[in-house]
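A note on names: the letters A, B, ... follow the listed sequences, proteins ahead of strands, and every chain is numbered from 1.
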Amino acid sequence: LKLASVLFPDWAYKPAWSPGSRQVQLWHFLLELLGRGEGGAIGWGGEWGEFVIRDPERLARLWGERKGKPHMNYDKLSRALRYYYNKRILHKTKGKRFTYKFNFSKLILVNYPGHPVTSTGSKQSLTQCRFTTGNCVFIWCVV
DNA sequence: CGCGGAACTT
DNA sequence: AAGTTCCGCG
């Protein structure tokens, strides 16, 4: 089963009153590519929530295309990623080049490679905030 | 590379 | 608010 579109819970979107609220958020975009197993540009890393940017300039180009920013590059994209540190969405895996990590206190993944979730109980309690992309099911933990 | 301040845009 | 652009610093 594959879903054509990715669904995020309401709280994961920019506020409706915010300018550019219809635009995708960068971390949504990253999860979209990761979930799709897009390959080349970005992929999951060894640890829980960790991902590696395999082709930084290509990822930047893809992001720029999505946002209509033709001059996007990794320097600028990575600045946006660094703004996520204080927001507790991401942090850097120190010492590993182009490697970042999602803070999954806010986000839990099912079918995450190497971390299958078998407990139906924990699934049940969180199914309201759920979206699917590719063969990964993302379950959100509202805090 | 990776970091974070600062000004600017949407 | 969530980036984008630019940049000096380690």
Side-chain angles (χ1 to χ4, degrees), chain A residues 1-117 119 122-143:
Chain A
L1 177 77
K2 277 201 173 186
L3 297 186
S5 59
V6 177
L7 298 173
F8 286 91
D10 287 349
W11 64 264
Y13 286 98
K14 291 181 185 178
W17 50 264
S18 168
S21 59
R22 295 195 179 280
Q23 300 257 48
V24 215
Q25 266 163 284
L26 177 55
W27 62 289
H28 294 204
F29 177 75
L30 295 178
L31 286 175
E32 192 183 306
L33 293 185
L34 286 166
R36 222 160 56 201
E38 190 269 345
I42 190 172
W44 291 117
E47 285 188 44
W48 171 254
E50 195 175 82
F51 62 95
V52 182
I53 300 170
R54 298 205 188 96
D55 189 339
E57 291 308 325
R58 183 172 162 213
L59 179 67
R61 186 174 48 73
L62 292 170
W63 174 233
E65 279 168 14
R66 176 67 71 90
K67 288 290 290 289
K69 296 284 175 181
H71 303 299
M72 181 54 56
N73 58 27
Y74 181 67
D75 179 48
K76 295 172 196 170
L77 187 152
S78 61
R79 182 68 189 94
L81 293 180
R82 290 195 292 277
Y83 272 126
Y84 283 150
Y85 299 169
N86 283 338
K87 293 181 184 176
R88 309 264 132 148
I89 293 171
L90 288 184
H91 62 81
K92 187 74 183 68
T93 301
K94 288 167 189 173
K96 290 186 185 174
R97 209 163 173 240
F98 305 126
T99 303
Y100 300 79
K101 195 170 171 180
F102 278 99
N103 290 330
F104 284 157
S105 59
K106 280 188 170 180
L107 176 66
I108 295 169
L109 280 78
V110 177
N111 300 344
Y112 179 86
H115 295 83
V117 172
S119 162
S122 58
K123 274 186 186 178
Q124 223 90 54
S125 57
L126 293 164
T127 39
Q128 48 171 29
C129 295
R130 186 180 121 155
F131 72 94
T132 309
T133 169
N135 53 4
C136 281
V137 177
F138 297 79
I139 292 179
W140 299 78
C141 188
V142 184
V143 258

Response to the item:
From the candidates C:dC6, C:dG3, B:dG4, the one with an atom nearest any side-chain atom of A:K76 is C:dC6
Fill in: A:K101 side-chain N/O to A:L90 backbone N/O, donor-acceptor pair under 3.5 Å
no
Item to complete: Using a strict 4.0 Å threshold on nitrogen-to-oxygen distance, state whether A:R61 and A:E65 make a salt bridge.
Response: yes
Discussion item. Does C:dA2 have OP1 or OP2 under 4.0 Å away from a side-chain N or O of A:Y84?
Written reply: no
Worksheet entry | A:R66 CZ to C:dG3 C1', straight-line distance once rounded to whole Å | 15 Å
Discussion item. Can you tell me if A:K87 touches the phosphate of C:dA2, counting only side-chain N or O atoms and a distance under 4.0 Å to OP1 or OP2?
Written reply: yes
Item to complete: Report which part of the nucleic acid A:L77 touches: base, sugar-phosphate, or nothing (heavy-atom distance under 4.0 Å, all strands).
Response: nothing
Would you tabulate the pairs of protein nitrogen or oxygen atoms and nucleotide nitrogen or oxygen atoms of nucleotides 7-10 of chain C closer than 3.5 angstrom?
none

Worksheet item: Does A:W63 put a side-chain nitrogen or oxygen below 4.0 Å from OP1 or OP2 of C:dT4?
Response: yes
Discussion item. Using whole Å, what does the distance between atom P of nucleotide C:dT4 and atom CZ of A:F29 come to?
Written reply: 11 Å
Worksheet item: If you find the nucleotide of DNA chain B closest to A:K96 and the one closest to A:Y83, which residue's nucleotide is nearer the 5' end?
Response: A:K96
Discussion item. Using OP1 and OP2 only, check whether a side-chain N or O of A:Y85 sits under 4.0 Å from B:dG2.
Written reply: no
Discussion item. What's A:K94 touching, base or sugar-phosphate or nothing? Going by heavy atoms closer than 4.0 Å.
Written reply: nothing
